[in-house]
Structure formats: C-alpha cells, structure tokens
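Okay, handing you the structure first.
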Protein chains: 2
Amino acid sequence: MTTLPSPRQLRYLVALAEHGHFGRAASACAVTQSTLSAGIIALEQQLDAALLERTGAKRPVFTPLGLEIVARARTALSALEAVAETAAAAREPLSGPLRLGIIPTIGPFLLPRLMPRLRDRFPRLKLWLREDLTERLVEALEGGRLDLLLLALPCACGDAETEPLGMDPFLAALPQDHRLAARERVPIAVLGSERLLLLEDGHCLREHALDACSLPGAAAGEPFAATSLYTLIQMVASGLGVTLVPRLAVRGGVLAGAPVAVRPLDREVGRTLGLAWRARSPRAAEFRGLAPTIAEAIAAE
Amino acid sequence: MTTLPSPRQLRYLVALAEHGHFGRAASACAVTQSTLSAGIIALEQQLDAALLERTGAKRPVFTPLGLEIVARARTALSALEAVAETAAAAREPLSGPLRLGIIPTIGPFLLPRLMPRLRDRFPRLKLWLREDLTERLVEALEGGRLDLLLLALPCACGDAETEPLGMDPFLAALPQDHRLAARERVPIAVLGSERLLLLEDGHCLREHALDACSLPGAAAGEPFAATSLYTLIQMVASGLGVTLVPRLAVRGGVLAGAPVAVRPLDREVGRTLGLAWRARSPRAAEFRGLAPTIAEAIAAE
DNA sequence: CGTAGTCATCGGATCATCCGATGGAAATTT
DNA sequence: AAATTTCCATCGGATGATCCGATGACTACG
C-alpha cells in the first residue's frame, strides 16, 4: 500500500497553480506563505518529483510533470469533495445552493410558474439561474460551473444523465389575416411552401422545429432568423412569414397581444423538455426528486 | 471551502466494507482496532451522517448512505493514488509491475518473440500476464485488475484508449491435398462454398475472420467450432474443412508440422493488433512508449 | 452464569501541521 | 551603485490530530 498524498498539500498545489504566486495562493488557502511553501516542498519530497523549476525565478514555474500532477490533484480533490457532498445531500435533500441552467426558449415562460412551486415545496433550496444556449450550458455543466440543466431533448449533452419531463407541442403561429388562420388545424405539409421564420443558429428550438416538420435545415431563409421568441413573434405579426412556437411559450405569454394567431398542427409534434446533470454527481438522487415538480409546472395551463 | 474527509479515514471505511469486521479491517490497514473504530466514528461525525447501523450487531451493517459513501471513497482514494502513481511513473518510466492481458490468439504466438525484447529494453519492467477472451480482459481492465491489454481491434472496449500496433493478415489454411492448395493465392469468394471452420464463440478472431470474408455469422457450422487455434489446425489437418489463421500464429508455429497448407488470400485482409488502457491511467504515456517495441515483435519474421 | 468475541472509549505519547520571524536572492528604485 | 521592495525558503516553538494499549460494555452461546 503506497502512501497517499495529503489533500491539504494538493490543495496548496492547485491554489499555487491558479494564482501563480505563493503569497496569494496561501491567503486563498487561509494559511501563511511559509506554510504553503513548506507544504509544496513536502509534497515534492513525498512524491519524489520536481513539480516546480526552482531557478529562483520571480514567479513559480511548473514542470511538465508538475502540471500533470496539478490536473490529477484537481480530480482527486473533487472526488474527495464528492464524498462530503454525498453526505450533505443525504442530510437534507433539496436544500442549499443549486446552480440551474435554462435555455432561452424555456426560461422566461416556465420560470414564473416554476419558481413559486419550488419555493413552496423546497423552501431551503437556493436557486442560482443562468440562461444560455444548450451548447454553453452543457459546457458549464461538464466544467462543474452548473449543477443542473433544464433544456429540450434530445441534445448533445455528452455523458450527462437526462430525465424527460414532458412533451411541449409545437403550434403554428400565423399573421391574424393569414389564410391558414381560418383553419382549425394547420397541416404540417403546407408549411414547407410558406416562408418559415426561425430562431438564429444555436437555438435548439430551430433544429427541433425543422425536425418536427421533416424539413432540411437549408430550407430556412437565413436573413429571417430571429434572436428570441419575442422578436420572432413580432416578425410574424409584421407579416414576414409563419413560424412554430412551443405551447409553453404561448402559455407563458409570448404573444403579448401581438396580432398573431396560433393554431395546433394536424399532427402533434413537439419537443421533449428534460433535466440533465453530471452522471457522477453526488446529488443525482436529489435532481430526480426535483423532476415531478418541474413536470407539473410544464403541464400546468 | 468545505472541509475534506481525511483519506486515512476513508481507507478505514473501505477496509471495513471489504472485511466486514473491525479487527481484520484494522490489521489490513496496519493499525489497531481502536484506531480504526475511532477513525470511523470521527468520519461519521465530520460527515454528519450515519454510515453504520449501530445496533450492537455481531457484524457491522452499512446504511444505504454508508454504501454510497464507500463507493465514492473508493474513487476518491484511487484518484489520490493516481497522483502518486503519476509521479512514480515519471520517476522511472516503464519499470515496476505491469499487469498485461492478452487474447489467446495472440499470446502463445507473440510472447516468445516479445518477451526477450521487453527484457532487453525495459529490464526493470515486471510483467504479469493474463490470457483470456477480449470481453473478460476489458472487464478486468475497467475494474483496475489489469493495466494494459494486447488484443485485436476493433473491439468493444468502452472508454479505454487504444493504439494500433500493426496489421496481422489472415491466411487460408487448407488440408495439404486440398484442391485449393495447388493455387498460389486463395480467392476469398470461394471460401463461402467451403466448409469454414472457426473458433468457438467469444474469440474475437471468429468475428474478425467472418468480417474479412464478408460472411454472415450464421454461415459457420456450429458443431465444428474449435477451442484454440491449435485444435483448429488439427481439425483442418484431419480434412474437416478449411479456415483462416492469422499470419502471426503461423509464424509463431501454430502448424507444428501438421499436414496443412497455408496460402495468402487474393485480397489482403486481416485484423489490427493494438494496445488498450484506461484513458485516465497515470501510466498512459508509458504505455504509448511500449507500443513500438511490441509493433516490432509483431512485424518480425 | 461464565466465557469468548466484538466494538467503543479513555489516557497518554507521538507526530504532522501551523504560525511568526528571519534569511537570502532577484528585481526595482533611488 | 546602493537601497528598497518583492518573493520564496527556512527555523523554532506551539498546537492539534492521530496512534496505541488497556479497559469497558454488550451480545452470543454453552
């Protein structure tokens, strides 16, 4: 059985790598510079490895091995944190800080109904919200800067674990005087011959809507891409074309009195909303426990 | 910044889970029972979590949370070990114990040429060999019981990292008096109408050979599956049918004087031999350094 | 009722870690 | 060129964590 490096010393090393300065790294660890310096030296002795180039340079310079060790130290430290977090999560589930990422085509429309429910059922939960495109949210999730994502499935979310929450059907949004507005339901087939407006690239809603209509991506005229669902609706109201909006957004008030008619499609298509989290997160069980409440908010009128 | 659990106490906990007995776990950790007991209690207090059911039972019983914590403690400990191992590997690369798994259609034929080369170039390397089917080797690799695999690609080796070492072409093996033995090269197309003998299920060589001939798996008569390349050759010698053998095995002496003719095929097909290791292994760089030597042994006459 | 087995607790010794002060080298200023 | 500043390494002494051996408490079993 080999002797394991001390987590404290690993923390010193990681802090030193982050700050590039003994003194600042020391105060970040709430110890004196001498302690941190001695800790690094002791670590180098225990590992029998040169981590820093001791050339008397102004700033500490890491050897290649040193950088490698720093990377492994980071993962070891977060694995240790996971032990403590698992215990903390079991102590009082669904409490404490939770960093939630939401895509822009869900957030503004769902949160007004979701937040009161969450405050009601999990009063000790402290939600930190961040709204961004799927791709960036997934990056932040994998980087550990977010704990949980609320987005539209399927998505390229790597090795994250996902849980579907419910269907969000698409509705056709038309200018009020459009000839199709007279019909009870809009056939998907005719959309291909209309001027179909979409969100700009990067919004998953764009791809999901095209998929739903079985249209190729190129069919969408690029100059008419909107930057948000609100502006998209305004464009429809101006008679520039038609679009698909998620029912969630309509219920969330995206129309806001604009002269736009929404009609169901002749075949129910839509997107599936879902949660995503790091598969190895100590709080995975908690997140699953959150799902019913969110699903309820999605299904609510 | 949260307070991290002590690795020592985590080790106590894991040992207790493994031995199910305070005294034996303690001696496994080279401490007294009292130390281990106190360590577990201190860990429970620091985590503020009940890990054991303290019912005065004969054997320690873990709570569900306790088992979860044990699992996370294991990964945290191995992450810490990885730090130390990275330093050790950098100190003297390609030395120390290396647990190598090899599939049966490579091992007996390559090792006689490989081992002297390894002893020559890496005299401090201590090889532990295990021969088994691909599937079990991959299991052992992921379970940490093996460090490195030598097998035929492509294989379902999960998230392991692989490095190709070289091509091992297939040759047709025929009874010496077989009519095809008179030809310089054997056309792949005619093999479908011959009685094709293969290794039994589980050997990757079986699938790779069928793939090479673009034959469906069902085409192989099950009653004629052999358990090793040696017995397969004996079956060919007895006139039961024909087969494909890797050139590596022929050069390794699999024929052993049997009345069997080997002929190249009309199109060069074969399998790719390669190495596989856990992507996060601290010794990944070492393993890559091993590849040229093995490739040389494969390519050698 | 006594014995064996097992885990928890206690007192005292030991060792790792920490801090403040100081040393010494390089960069910067005067 | 000398003085000053900045920065990292080292030292001595205080503190706290960890360890051990002995002992206590509980259960199981004959």
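Only a predicted model underlies this, so the values are computations on that prediction, with no experimental measurement involved. All heavy atoms count here, side chains included; hydrogens, waters and symmetry mates do not. Residue numbers start from 1 in every chain, and the chains themselves are labelled A, B, ... in the order their sequence lines are given, proteins ahead of strands.
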Which ones in residues 36-50 of chain A lie close to DNA chain C, meaning a heavy atom under 4.0 Å from one of its atoms?
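The answer is none.
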Before accepting this row, confirm whether a basic side-chain N of the pair Glu18(A)/Arg24(A) lies closer than 4.0 Å to the acidic partner's carboxylate O.
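Here Glu18(A) does not pair with Arg24(A) in a salt bridge, since their nearest N and O are not under 4.0 Å apart.
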Is there a side-chain polar atom (N or O) of Ser34(B) under 4.0 Å from OP1 or OP2 of dC20(D)?
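No.
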What is the distance, rounded to the nearest whole Å, between atom NE2 of His21(A) and atom P of dT5(D)?
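Between P of dT5(D) and NE2 of His21(A): 16 Å.
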Below 4.0 angstrom, N of the basic side chain to O of the carboxylate: do Glu81(B) and Arg72(A) qualify?
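Judged by the 4.0 Å cut-off on N to carboxylate O distance, Glu81(B) and Arg72(A) do not form a salt bridge.
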Between C1' of dA17(D) and CD of Gln9(B), the distance in whole Å:
10 Å
Whole-Å distance between dA17(D) P and Leu4(B) CG?
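Result: 16 Å.
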Distance in angstrom units between Leu16(A) CG and dC7(D) C1', rounded
12 Å
Sequence-distant partners of Glu85(A), salt bridge (charged side-chain N to carboxylate O under 4.0 Å, His left out), two or more places apart
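By the salt bridge (charged side-chain N to carboxylate O under 4.0 Å, His left out) rule, Glu85(A) matches no residue at all.
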Value in whole Å for how far the P atom of dA22(D) lies from CD of Gln33(B):
13 Å
Rounded distance (Å) that lies between atom P of dC7(D) and atom CZ of Phe22(A)
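Taking atom P of dC7(D) as the reference, CZ of Phe22(A) is at 12 Å.
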Side chain proximity check, Trp277(B) to Thr162(B), heavy atoms < 4.5 angstrom:
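The answer is no; the side chains never approach within 4.5 Å.
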Are side-chain heavy atoms of Glu163(B) and Arg288(B) found at a separation under 4.5 Å?
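Yes; the side chains approach each other to less than 4.5 Å.
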Going by heavy atoms in the side chains, are Phe62(B) and Leu16(B) under 4.5 Å from each other?
yes
Short side-chain N/O contact from Arg8(A) to OP1 or OP2 of dC18(C), under 4.0 Å:
yes
Looking only at side-chain N and O atoms, does Tyr12(A) come under 4.0 Å of OP1 or OP2 in dC18(C)?
yes
Please enumerate all residues that pass side chain to side chain contact (heavy atoms under 4.5 Å, CB included) together with Thr227(B), with sequence neighbours excluded.
Glu200(B), Thr231(B)
Can you tell me the distance, in whole Å, between the CZ atom of Arg11(B) and the C1' atom of dC19(D)?
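These atoms are roughly 15 Å apart.
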Look at all strands and tell whether Ala30(B) reaches a base, only sugar-phosphate, or nothing, counting heavy atoms closer than 4.0 Å.
sugar-phosphate
Tell me if the side-chain of Thr32(B) makes a donor-acceptor pair with the base of dG21(D), cut-off 3.5 Å, by modelled atom types.
no
